[in-house]
Each structure stands twice: as C-alpha cells, then as structure tokens.
2 protein chains.
Amino acid sequence: MADDSCGIARGLDLLGERWTGLVLRDVLRGFERFSDLQRELGVAPDVLSDRLAKLTRAGVVSKVEYREPGHRPRPKYVATESGIRLGLVLAALNDWADEFRPVPTGRPNALRYVEGPTGQAVHLAPVDDAGRVVDDARVELQVLR
Amino acid sequence: MADDSCGIARGLDLLGERWTGLVLRDVLRGFERFSDLQRELGVAPDVLSDRLAKLTRAGVVSKVEYREPGHRPRPKYVATESGIRLGLVLAALNDWADEFRPVPTGRPNALRYVEGPTGQAVHLAPVDDAGRVVDDARVELQVLR
DNA sequence: CCGTCTGAATAGGAAAAACCTAGTCAGGTG
DNA sequence: CACCTGACTAGGTTTTTCCTATTCAGACGG
C-alpha cells in the first residue's frame with residue numbers, strides 16, 4: 001500500500017486497481033462463484049483469483065465453502081458487512097457517473113440499497129454534522145492552504 | 001472503457017486505475033502543478049502526464065495556463081465541478097477506510113468538504129428518497145435475483 | 001546575446017502486471 | 001473407471017509501469 005496514513009489511499013489500494021471494484025460490484029449483485037464472475041466480467045482466471053484473494057484478505061468478501069446437492073463442495077464468495085458498506089461507495093460513484101459522465105444509451109443499473117425495515121431506496125447524499133441534508137450545489141471543498 | 005452501461009464501470013474507468021484517484025485527491029488538496037504532484041506522489045512523470053491527460057479529457061480537472069510574476073507561463077490543473085463532486089466520493093471512501101480498514105498509527109486526513117454558506121463540515125451519508133438520514137446499520141443491499 | 005536555471009514534459013529500456021490458452025486436480029455422475 | 005464440471009495454476013506473450021536521462025521553452029544574470 002502506498003501510504004497508510006490516508007484513508008483514500010487505503011481505499012484505493014483496493015478500488016484503484018484493475019478489476020477489483022468490478023469484482024466487488026458483481027459479488028454484491030449476486031455473482032458468487034468463480035466461474036460466474038469470470039464469465040460475467042471476462043477477466044483472466046489468474047487475475048480473478050488474485051483479486052478474490054485480495055478482497056478476502058481485506059475482509060471485504062469472505063470465502064465460504066458450501067455444496068449444492070449433486071455437486072461437490074466448492075467455494076463461493078459473499079460480501080461481508082465491510083463489503084456491503086463499500087458497495088455504498090460504489091453506488092455513490094455510480095450516481096456521480098450518471099450525472100457527470102452520462103452515456104446516451106445509458107440504462108439503469110447496478111446496486112440498489114434499501115433501508116432494511118421499510119424497503120425504501122437509499123443513496124449517499126451530503127449531510128452536515130447535525131444530520132441535515134445539504135443541497136449538492138452548496139457543497140464545496142475547504143481549501144487548506 | 002469496459003462497459004458503458006454501468007455507472008460503476010464508468011467511474012472505475014477513472015478511479016480503478018493506478019494513481020488516477022490519488023492524483024485527483026492531491027489536485028483537490030491544492031497540489032496543482034506537475035512538479036508538486038510528482039514530488040507529493042512519487043509517481044513516474046510519464047504516468048502522471050498520462051493520468052492528468054485522462055482526468056482532463058474526462059472533464060474532472062481542467063488544465064489552465066497561467067503565469068506567476070517572474071515565471072514563464074505554465075499549466076496548472078484545477079478540479080472542475082465534476083472533480084469536486086467526485087472528490088466527495090473519495091471522501092466517502094476515506095470514511096469507509098477509517099471504519100473498516102483502520103491503521104493503528106492513523107492520522108486524520110485528506111479532503112474536507114463544507115456547506116458553502118455556513119462552513120459546516122459535510123459528509124456523504126445514507127439518505128432515503130424522502131430526504132431522511134438513515135442509520136448505517138439499517139442499510140442493506142437489495143438482492144435482485 | 002549567451003550560458004544557466006526551472007519546470008513540464010517525452011523517450012528508451014528494464015521490470016512488473018495483465019492476458020490468453022492450456023493443463024491440473026478434486027470430486028461428482030453414468 | 002471413464003468422463004464431466006468447476007476452481008484454479010502454469011507458461012509464454014503483450015501491455016503497463018517504472019526509472020533515468022533528455023528535450024524544450026522561457027525567464028534571468030552577466
């Protein structure tokens with residue numbers, strides 16, 4: 001990892017690498033087996049193997065041995081709490097791309113998050129420390145220097 | 001780009017590549033000149049050049065020619081509105097890393113966002129469609145299959 | 001002018017990562 | 001016991017990165 005002291009660097013150590021984010025996205029979408037992920041993404045098997053190992057080591061997904069009747073035991077990869085919450089960041093990235101990098105043929109989409117009890121859709125939005133939602137247009141970067 | 005139809009893929013086309021996210025982070029932190037970015041990040045100059053070009057083409061930063069007195073004209077790179085909003089996603093990634101990938105020696109940190117008028121700190125947080133903030137623990141992924 | 005300095009790159013070759021294809025290996029089925 | 005499926009691992013090629021040196025433009029000093 002480049003620089004531990006910055007959380008962005010620690011996050012990008014995972015997402016800022018080819019395939020890793022897409023692998024997580026598809027695990028969250030329910031593609032949990034090696035062959036499904038490989039087919040869905042079109043990634044080389046050695047690379048997929050490496051990425052799943054990295055995500056597993058980071059605690060973002062976990063490797064679960066299981067068996068379906070009539071099949072031998074094999075692993076599947078499921079998102080942990082940490083992975084689910086990182087998926088929310090991916091969803092925010094998705095919202096950003098829809099707004100600032102739209103594509104004409106754009107179709108909806110990837111991950112849907114909901115509030116458990118009510119089933120209401122949920123997105124990441126800017127909120128101040130008192131818990132009030134802030135309009136996008138008022139959010140600015142604080143310049144530090 | 002791998003697959004246009006998914007916003008996550010469009011976002012990761014930028015962030016899911018070595019250095020690109022870190023370059024944006026540092027531009028947002030106020031490192032705007034080539035040599036400053038190179039020194040700060042320790043990245044090879046040809047790679048930095050490539051990443052700045054990519055971010056510029058994507059409209060996330062823009063290349064501005066300017067001159068300081070006593071210097072010849074040279075470019076600086078400043079974040080656009082799009083880049084500032086993408087930085088908010090980086091800040092969410094930072095929050096995720098602080099929670100799920102902490103580091104013992106961890107020090108605070110990188111990007112600070114505020115509400116323009118009041119100067120109040122702002123973060124991305126889960127919000128439902130009615131604009132109510134949702135507790136993290138209640139957010140779950142909707143399984144689609 | 002002319003040599004020197006700064007800063008933004010570009011260039012060339014070595015090293016690392018990704019790609020592609022084929023092969024291994026475990027455990028089920030016919 | 002031959003054969004099948006599925007999760008990898010292995011070998012060789014292509015693509016990226018990395019590292020270092022070089023170019024190139026425009027001050028600035030003498």
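Chain naming here is simple, since letters A, B, ... match the order of the sequence lines and numbering starts at 1 in each.
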Flag the pair A:R10 and B:D98 as a salt bridge only when some basic side-chain nitrogen lies within less than 4.0 angstrom of an acidic carboxylate oxygen.
-> yes

CZ of A:R74: more than 12 outside heavy atoms within 6.0 angstrom?
-> yes

Below 3.5 Å is the cut-off: list the nitrogen or oxygen pairs between protein and nucleotides 3-6 of chain C, distance only.
from	atom 1	to	atom 2	distance (Å)
C:dT6	O2	B:R72	NH2	3.3

Tell me whether the guanidinium CZ or amine NZ of B:K76 lies under 6.0 angstrom from the six-membered ring centre of B:Y66 and within 45° of its axis.
-> yes

Under 3.5 Å, which protein N or O atoms sit close to an N or O of nucleotides 12-15 of chain C? Give each pair with its distance.
none

Kindly compute the distance separating CG (A:L14) from OG (A:S82), expressed to the nearest 0.5 Å.
-> 8.5 Å

Do NZ/NE/NH1/NH2 and the carboxylate oxygens of A:E99 and B:R85 come within less than 4.0 Å?
-> yes

Any Lys/Arg nitrogen of A:E40 or A:R33 sitting under 4.0 Å from an Asp/Glu carboxylate oxygen of the other?
-> no

Identify, between B:Y77 and A:P73, the residue whose nearest nucleotide on DNA chain C lies closer to the 5' end.
-> B:Y77

Salt-bridge contact A:R29-A:D26 (side-chain N to carboxylate O under 4.0 Å) = yes

Return the value, rounded to whole Å, for the distance between atom CD of B:E65 and atom C1' of C:dG7.
-> 13 Å

So, B:R39 and B:D36, do they make that salt bridge, N to O below 4.0 Å?
-> yes

Could you tell me the separation between the CG atom of A:L41 and the P atom of C:dC19, rounded to a whole number of Å?
-> 11 Å

Is A:K76 touching bases, backbone alone, or none of the nucleic acid, heavy atoms closer than 4.0 Å?
-> nothing

Outer limits of DNA chain D sitting under 4.0 Å from a non-hydrogen atom of chain B, read 5' to 3', are D:dT17 to D:dC28

Check ion pair A:R132-B:E115 (N to O, under 4.0 angstrom) = no

Could you state the atom-to-atom distance from CG of B:L37 to P of C:dG7 in whole Å?
-> 14 Å

Heavy-atom pair with the smallest gap, counting every atom of B:P126 and B:D136 | CG-OD1, 3.3 Å

Looking only at heavy atoms, which two atoms of A:V122 and A:V114 are closest? And how far apart?
-> CG2-C, 3.9 Å

Rounded to whole Å, the CD-P distance (B:E68 to C:dA8) equals 10 Å

Earlier contact from the 5' end, DNA chain C, for A:R51 and A:G70 | A:R51

Once you round it to whole Å, what is the distance between C1' of C:dA26 and CZ of A:R67?
-> 12 Å

Atom CD of B:Q38 and atom C1' of C:dT10: how far apart are they, to the nearest Å?
-> 12 Å

Between A:S35 and A:R18, the residue closer to the 5' end of DNA chain D by nearest nucleotide is A:S35

